[in-house]
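Presented below is the structure to which this report refers.
Values below: every heavy atom of this structure, side chains too, minus hydrogens, waters and symmetry copies.
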Amino acid sequence: MPLLQINHLSLDFDRGGRSLRAVDDVSLHVDAGETLCLVGESGCGKSVTALSIARLVPAPPAKYTGGEILLNGRDVLQMSQRELQAIRGGVVSYVFQDPTASLNPVFRVGHQIMESLRLHRPERANAAEVVRLLKLVGIPAPESRALDYPHQMSGGMQQRVMIAMALASEPKLLIADEPTTALDVTIQAQILELLLDLKRRLGMAILLITHNLGIVGDMADRVAVMYAGQVVEEAPALELLRRPRHPYTKALMNSVPKLRGNLPRLPAIAGNVPSLGDFPSGCRFAPRCPVARPECAASAPALLEIEPGRRVRCPYTTPL
């Protein structure tokens with residue numbers, strides 16, 4: 001049984017009495033010790049899907065209209081508030097993209113890690129455990145840095161503190177939502193390497209949300225590509241990078257800069273991700289697709305398994 005199994009999840013937002021579908025019939029799974037990368041442009045539904053795993057999307061205005069989210073075989077959508085408090089942090093923890101906005105500026109970082117320990121592992125809520133966690137995420141001189149306020153740390157150090165807070169509860173699943181977006185390239189590489197090292201050492205699973213296909217090959221076991229609230233392709237990471245099958249996946253890969261040879265102008269994907277409530281009929285990518293056919297606008301394609309472990313939402317799949 002997978003650690004996380006999302007089956008046909010749909011989520012709507014209410015806006016002025018109008019119901020807008022943000023997540024549409026999404027099915028995903030993450031096995032214990034596995035890394036799944038969820039990829040797509042901003043606004044495609046990645047973060048809303050991830051927040052739904054622990055029911056962190058406020059309802060209302062959100063409404064879960066279908067499907068189930070199974071954590072260790074139990075449906076999160078059927079849990080009471082008391083049960084949700086136990087799985088938030090205890091089973092699944094989050095690391096968000098802007099540590100400056102996530103850390104409380106008026107408390108020392110050691111105090112904030114201690115708060116997580118008191119909630120989920122009160123028997124280990126002591127200064128020695130705070131120091132151990134800071135050391136685990138590679139913060140030098142952890143005894144003294146535990147006394148720092150967030151503003152006394154760099155962005156990279158703040159993100160390491162956020163990861164330490166997430167690990168304080170010893171979660172089985174770590175959800176990292178664009179954890180390197182606010183950091184420079186060198187620090188990005190360090191944070192991603194840290195996540196890989198922690199995964200190996202602690203045996204936890206990771207759901208990594210990103211719009212950057214350049215990091216997928218180094219981080220992921222499997223990849224799911226989202227567009228306009230739907231999964232459009234899912235495959236083992238190396239197989240997807242070698243042979244992308246959906247036109248949207250191919251377009252994302254073509255937009256990744258190459259570091260060798262002549263450097264022509266990067267091709268851009270025409271248009272924008274459609275807004276909620278303005279999804280086109282038929283295939284949602286058809287208005288931007290360079291190989292769309294007239295029939296693409298007539299009927300919505302299903303997400304079909306074309307090979308073992310590989311699903312594509314396009315009837316005209318060909319390798320890149």
Any donor-acceptor N/O pair, Arg311 side chain to Leu303 backbone, under 3.5 Å: no

Sidechain-backbone polar pair: Arg121 side chain, Ser169 backbone, donor-acceptor under 3.5 Å: no

From CZ (Arg108) to CD (Gln112), nearest 0.5 Å: 11.5 Å

Salt bridge (charged side-chain N to carboxylate O under 4.0 Å, His left out) involving Arg284 - partner list, sequence neighbours excluded: Asp24

With Arg201 via salt bridge (charged side-chain N to carboxylate O under 4.0 Å, His left out) - residues at least two apart: Asp197

Criterion salt bridge (Lys or Arg N to Asp or Glu O under 4.0 Å) against Glu234, the qualifying member of Arg222, Arg310, Arg313: Arg222

Euclidean distance, Glu123 CD relative to Leu117 CG, rounded to 0.5 Å: 9.0 Å

Lys172 side chain vs Gly203 backbone, donor-acceptor pair below 3.5 Å: no

Test salt bridge (charged side-chain N to carboxylate O under 4.0 Å, His left out) applied to Glu83 - qualifying residues, sequence neighbours left out: Arg74

Closest non-hydrogen atom pair, Leu9 against Tyr64: CD1-CD2, 4.0 Å

Linked, directly or transitively: Leu11 and Ile6 (ILVMFWY side chains, under 4.5 Å): yes

Arg200 atom CZ, neighbour heavy-atom count above 12 within 6.0 Å: yes

Point-to-point distance, once rounded to the nearest 0.5 Å, from CG of Leu38 to CE of Met226: 6.0 Å

Joint hydrophobic cluster, Ile306 plus Tyr248, side-chain heavy atoms closer than 4.5 Å: no

Non-hydrogen atoms of Ser10 and Asp25 that approach each other most closely: OG-N, 3.1 Å

Main-chain N/O of Gly40 paired with Lys46 side-chain donor or acceptor, under 3.5 Å: yes

Check: Lys199/Thr35 side-chain N/O donor and acceptor closer than 3.5 Å: yes

Identified salt bridge (Lys or Arg N to Asp or Glu O under 4.0 Å) counterpart of Asp12 within the set Arg18, Lys63, Arg21: Arg21

Side chain Glu233, main chain His246, donor-acceptor under 3.5 Å: yes

Backbone of Pro179 reached by a side-chain donor or acceptor of Gln159 within 3.5 Å: yes

Shortest non-hydrogen contact from Ser42 toward Val273: O-CG2, 4.0 Å

Smallest separation among heavy atoms of Ala297 and Ser281, with atom names: O-OG, 3.3 Å

Within 6.0 angstrom of Arg15 CZ, more than 12 heavy atoms from elsewhere: no

Backbone N/O of Pro247 and side chain of Tyr316: donor-acceptor pair under 3.5 Å: no

Nearest-0.5 Å distance, CD1 of residue Ile87 to CG of residue Asn72: 10.0 Å

Non-hydrogen atoms of Arg55 and Met79 that approach each other most closely: NH1-O, 3.0 Å

